[in-house]
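Everything below concerns the one structure shown next.
The sequence lines fix the lettering, A, B, ..., with proteins before strands; numbering per chain opens at 1.
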Amino acid sequence: MTRTDNSTCNAWRRCLEHLRHALGVCILGVALWQAPAENAKGAVDDPPDRPMFSLDGFGTLGVVHSSEDNAEFTGSGLMPTGAGYGHSWSAAVGSLIAAQVTANVTSKLSAVLQVVSEQNYDDTYTPHLEWANVKYQFTPDFDVRVGRTALPIFMLTDTRLISYASPWVRLPVELYDLVPVTSNDGVDASYRMPVGAGTNTVQFTAGGSDTRFPEADGSGTIHARGLRTLADTLEEGFATVRVTYGRAHVTIAEFDPLFDEFRQFGPQGAAIADRYEVDSRVVNFLGVGASYDPGKWFVMSELGHFNSHSLPGDDTGWYVSGGPRLGRFTLFATYAARKVESNRSDPGLTVTGLPPSLAIAATEFNAVLNTELASIAVERTISTGVRWDFAKDIDFKFQIDHTRNGAGSPGTLEDLQPGFKPGGTVNLLNASLDFVFD
Amino acid sequence: MSNAANAAGVARPIKGLARRAAITGLGLALAFADRTSIADVVAVVSSKSAITALSKSQIEDIFFGRVAHLPGGLQPVPLDQAEGSLARDEFYTKVAGKSPAQMKAYWSRIIFTGRGQPPKEVTSDTDLRKRVAKDPTAIGYIDASLVNESVRVVF
């Protein structure tokens, strides 16, 4: 895999450079539009006005050190570089900056545009559109959004980039890296109703999306079509419970050449291709989560199940986390695990009886298939850390992760080098500064 | 070096570091913890408002941007005091047990998912009292000592 050697400063500099461009455009837009809104502000006695446009942003400057030199910890299957092989300290994992413009056109009509600069699949920091949608608030309890929104996959999926909103350095990868598709281009409707002393919110999403991921020679795309999710969130006092179900037809064409080869081997090869090929395959996931946060302490747990009915397998991720808040400090500990229910090896094509030249090819294809199956993540991680809200709108976090990969599995590590031994342990040291601004 | 040996070699300094970090963290936490509160903050509406009293959870719903379904279909519009003001910090501690940073984190989740905007802000206790007094749909909070006949304490 080709990788640009990327120093810590380099990553931050590129991130900031791109953001300056994006922000420049946003600020210009806001300046142009806010001027009349400011002038329209009346005498002191009038109620305070909501400006038509508002600009907000958030970001994270983070560094990660990995004890594993022969693989990279990227924190996401969608990012090409991380800590470990090539650079034992990395600023690429988790560092990002984002700007958002919210337009309150009328009391019912609003629009959101959010631009994020972070490490992309192709190792650039070109800002991308994370959110771009128009919302119509039919009633105070019912709204519909059209455009790009985040998928309500797990409890924190739609705020996964806003590290300031979370106690941890990153969301547990055991769960949050399970479903790589996080955005939806389509329609999203949300309805809330009182239930006892609490509120119940039902959110329905329909659409599709294309998600790029880094590959050995270039990149691949996860095409999700016919994407449907239904999320139900119950909030009462300090407690929140959420259940989500989603399904889509997913195609990853990058695997096709391998399965085309299998199909050359008659019915047995075709059966293998049919089983693992990711071609308009029905993929579904289920998420269940609960949190309790009375302020002085918090506890939170989630479980997610993902079934690809194909090569990526049938996987379950979960975590439990909690800790006390002491003044400006939040201490926390997390246990997270990922396991796989589907097979992690396959006998493949029967080689005996094949002519020698075909036997060599069949052995090779079997090996490629088994390498893919063996790379499915199985791991468990114990994390502990502290968040320090040392100043207004900015926090500092320090976190240690100790991960044990399942027997024969590389866990969520990427870019495995010849010296890498699956099934080992990895320690990560993480530090980050998170901020929000307006 | 084998993976296990490698990991053990790294784990030792990490354990030491963690212990030191925990001790430092705890010390600092104790130093900053629990600013003594002196103000008594109360939620107020206009004396012309139909609302006479609200529960803690109704107040929380109103100020957290969740729709509070009040008897009679009333929808009070919340007003916040300035960020960093004692009244604001006290109010959210009293209503939800949340610190200013936790409230900022909460609103970050709402704003950056396009789910809403925080309450509008006023500049002072007296400014708030004046606005609430004039507007029967408004709700705010002020220091209890500043309550007069123009506003009604509802929580």
Exercise for the section: Please determine, among A:T201, A:N133, A:T159, the option with the most heavy-atom pairs under 4.5 Å with chain B. Expected result: A:T159
Exercise for the section: Report the option among A:A111, A:S110, A:A150, A:G57 that has the most heavy-atom pairs separated by less than 4.5 Å from atoms of chain B. Expected result: A:G57
Exercise for the section: Report yes if the side chains of B:Q102 and A:T330 come closer than 4.5 Å at any heavy-atom pair, otherwise no. Expected result: no
Handout entry: Residue from A:D158, A:L161, A:V436 passing side chain to side chain contact (heavy atoms under 4.5 Å, CB included) with B:F112
Key = A:V436
Exercise for the section: Could you tell me which of A:P167, A:G295, A:G385 has the largest number of non-hydrogen atom pairs under 4.5 Å with chain B? Expected result: A:G295
Exercise for the section: Against chain B, label A:E130 side chain, backbone, both or neither, depending on which of its atoms sit under 4.5 Å from a heavy atom there. Expected result: neither
Exercise for the section: Look up atom CD in A:E236 and atom OG in B:S57, then write down how far apart they are to the nearest 0.5 Å. Expected result: 8.0 Å
Practice task
Mind checking the CG-OG1 spacing from B:D61 to A:T199? Nearest 0.5 Å is all I need.
Solution key: 5.0 Å
Problem - Ion pair A:D143/B:R115, N-O distance below 4.0 Å - result: yes
Handout entry: Close side-chain approach of A:D389 and B:K104, heavy atoms under 4.5 Å
Key = no
Exercise for the section: Tell me, for A:D438 versus chain B, whether the close heavy atoms (under 4.5 Å) come from the side chain, the backbone, both or neither. Expected result: side chain
Problem - B:Q117 (side chain) donor-acceptor with A:S54 (main chain) under 3.5 angstrom - result: no
Problem - Heavy-atom closest pair, residues B:T113 and A:R145 - result: O-NH1, 3.0 Å
Handout entry: Contacting region of A:P294 [heavy-atom separation from chain B under 4.5 Å]
Key = backbone
Exercise for the section: Ignoring hydrogens and angles, tell me if any N or O in the side chain of A:K135 forms a donor-acceptor pair with the backbone of B:G114 under 3.5 Å. Expected result: yes
Completion exercise
Here the pair of heavy atoms bringing B:E83 nearest to A:D393 is OE2-OD1, 3.9 Å
Handout entry: Contacting region of A:N405 [heavy-atom separation from chain B under 4.5 Å]
Key = neither
Handout entry: N-O pairing of A:K392 and B:D89 below 4.0 Å
Key = no
Completion exercise
Taking every heavy atom of B:A96 against every heavy atom of A:F238, the minimum-distance pair comes out as O-CE2, 3.6 Å
